[in-house]
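Order of the sequence lines sets the chain letters (A, B, ...), proteins ahead of strands, with each chain counted from 1.
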There are 2 protein chains.
Amino acid sequence: MTPGAGRALDAASRLFYEHGIHAVGVDRIAAEAGVTKKTLYDRFGSKEQIVVEYLTGRDERWRALLDERLAAAPPAPAEHVLAVFDASRAWAEANGARGCSMINAHAEIDDPRHPAYAVITGQKAWMLELFTSLAREVLAPGEATASETADRLARTLMLLHEGALVAHGLGVFPDAFGLARDQARAVLDSYA
Amino acid sequence: MTPGAGRALDAASRLFYEHGIHAVGVDRIAAEAGVTKKTLYDRFGSKEQIVVEYLTGRDERWRALLDERLAAAPPAPAEHVLAVFDASRAWAEANGARGCSMINAHAEIDDPRHPAYAVITGQKAWMLELFTSLAREVLAPGEATASETADRLARTLMLLHEGALVAHGLGVFPDAFGLARDQARAVLDSYA
DNA sequence: CGAGAAGTATACCGATCTGTATAGTGAAGA
DNA sequence: TCTTCACTATACAGATCGGTATACTTCTCG
């Protein structure tokens with residue numbers, strides 16, 4: 001990534017997240033990045049591609065933070081589940097004043113053929129798979145066999161997590177991730 | 001509401017919900033409603049006002065459906081909580097292929113001073129208050145006294161509900177409202 | 001040295017954006 | 001009958017949209 005491209009993607013990411021994708025034009029991105037539109041189009045080819053790289057970049061940074069937190073968590077599977085909610089709280093404090101960028105982008109992108117659509121649904125599917133694998137370990141440590149119970153537990157954790165993302169983004173009540181974490185523990189206990 | 005205004009608001013509501021607010025221009029609204037732009041601006045004054053009435057209209061229809069379902073539910077307070085999730089499932093089947101219009105609109109409106117912002121946060125606050133009053137009745141039937149326990153239960157129900165809205169809108173897994181309803185029952189039982 | 005990559009500055013394109021203006025039509029009601 | 005209301009049709013304004021074109025500079029690297 002060239003310096004100009006980096007500045008452009010940084011500016012675009014901030015502007016897209018704060019104001020929405022359709023509300024931000026390429027002229028504004030170029031101006032705030034201190035870059036000309038020619039550089040933008042030489043590097044990215046289209047606004048659509050900038051959107052894709054914006055979402056991909058957030059996804060990668062989120063997964064990196066999560067991997068880090070999971071690696072540092074106590075080895076018990078249930079602790080890993082709680083670490084996901086802790087990671088989300090930390091992420092939201094640093095990058096999440098306006099909620100989940102994937103949920104927000106989904107509100108603006110109606111066409112499933114849009115290249116950014118796969119990034120959005122891909123992250124949600126990945127999160128569900130993560131919860132599913134954690135749920136399996138909680139229910140049957142050591143075994144990696146699928147079960148309807150694990151799927152159900154994983155989906156419940158996903159509900160709590162997505163709910164916390166929205167409650168936080170809309171400011172419905174304070175510390176949504178803390179409550180979701182507590183409820184996740186209660187759900188895990190109920191399965192034990 | 002004059003006939004032309006009604007057609008315009010219907011068209012705007014459908015287009016805003018399906019494609020997003022910024023992606024739909026007033027020319028398109030006018031064309032699909034079979035109305036001229038002059039009629040649009042004579043009746044509504046601005047696009048911003050059309051957005052406000054779009055969200056207000058959905059809010060009112062949702063509350064009407066919910067009131068109806070709550071009135072028809074068994075008298076036990078816990079049944080009323082479950083009826084909220086049932087109402088959401090019914091609403092989503094009829095009007096919710098792209099998720100919650102308030103969450104979606106929030107993704108596109110960054111300015112808290114935007115007149116639509118109050119409609120969005122107002123609906124979420126109202127839902128939290130509904131869950132809170134139901135939680136109080138569940139915990140202490142007949143009494144209307146506030147308690148931290150009731151607030152906590154209400155927020156947990158809110159988490160499950162918002163989570164189901166998102167999981168349904170993004171298509172993360174099938175029947176999110178059914179699962180949320182089952183989990184709500186489990187949470188209610190745990191408080192009993 | 002010379003080529004190529006990365007960048008700047010500026011102007012332009014056609015389309016679309018919200019919003020306004022002008023002129024006229026048809027119908028309902030005092 | 002005459003006014004008022006709701007509406008149509010069309011044209012336009014100024015700004016912004018995504019995207020392209022031309023010409024020049026600056027730096028690195030073989």
**Donor-acceptor under 3.5 Å (B:Arg181 side chain, B:Phe85 main chain)** = no
**Asked** Between B:Ile21 (CD1) and C:dT18 (P), how many Å, whole number?
**Response** 12 Å
**B:Lys47 NZ to D:dA15 C1', straight-line distance once rounded to whole Å** = 15 Å
**salt bridge (Lys or Arg N to Asp or Glu O under 4.0 Å) partners of B:Glu60, counting only residues at least two apart** = none
**Item:** Nearest-nucleotide comparison on DNA chain D, the residue closer to the 5′ end among A:Lys37 and B:Val35
**Value:** B:Val35
**Phosphate OP1/OP2 of C:dA6: any A:Arg7 side-chain N/O under 4.0 Å** = no
**A:Glu48 CD to D:dC17 P, straight-line distance once rounded to whole Å** = 18 Å
**Prompt:** How about A:Tyr54 and A:Phe16: are their ring centres within less than 6.0 Å of each other?
**Reply:**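 Between A:Tyr54 and A:Phe16, the centre distance is under 6.0 Å.
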**Message:** So if I take every side-chain heavy atom of B:Lys38 and compare against D:dG18, C:dT22, C:dT20, which nucleotide ends up nearest?
**Reply:**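 From the listed options, C:dT22 comes nearest.
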**Item:** Whole angstrom value for the distance that separates C1' of C:dG7 from CE of A:Met1
**Value:** 16 Å
**Message:** Let's see if you can work this out: which of D:dA6, C:dT8, C:dG19 has an atom nearest to the side-chain heavy atoms of A:Thr36?
**Reply:**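 Selected nucleotide (nearest to the side chain): C:dT8.
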**Item:** Whole angstrom value for the distance that separates C1' of D:dC12 from CG of B:Asp27
**Value:**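 That distance rounds to 12 Å.
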**Message:** At 4.0 Å (heavy atoms only), tell me whether A:Arg28 reaches a base, stays on the sugar-phosphate, or touches nothing.
**Reply:** nothing
**Message:** By the 4.0 Å heavy-atom rule, please label B:Gly45 as base, sugar-phosphate, or nothing.
**Reply:** nothing
**Message:** Does A:Asp42 reach a base, just sugar-phosphate, or nothing at all? Heavy atoms under 4.0 Å.
**Reply:**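 Counting heavy atoms under 4.0 Å across all strands, no contact is made by A:Asp42.
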**Asked** D:dT8 P sits how many Å from B:Leu40 CG, rounded?
**Response** 9 Å
**Asked** How close or far is atom P of D:dC12 from atom OH of B:Tyr41, stated in whole angstroms?
**Response**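 It works out to 19 Å between those atoms.
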**Request:** Please say whether the positively charged group of B:Arg155, taken as NZ for Lys or CZ for Arg, lies over the ring of B:Phe131, i.e. under 6.0 angstrom from the six-membered ring centre and within 45 degrees of the axis.
**Result:** no
**Fill in**
Regarding the side chain of A:Thr39, the nearest nucleotide among D:dC7, C:dG7, C:dG19 is C:dG7
**Prompt:** Has A:Thr2 got a side-chain N or O lying under 4.0 Å from the OP1 or OP2 atom of C:dG7?
**Reply:** yes
**Fill in**
Distance col, row B:Thr149:OG1 vs B:Arg152:CZ, nearest 0.5 angstrom, shows 9.0 Å
**Asked** Side-chain N or O of B:Arg43 less than 4.0 angstrom from OP1 or OP2 on D:dC7?
**Response**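 Yes, because at least one side-chain N or O of B:Arg43 sits under 4.0 Å from OP1 or OP2 of D:dC7.
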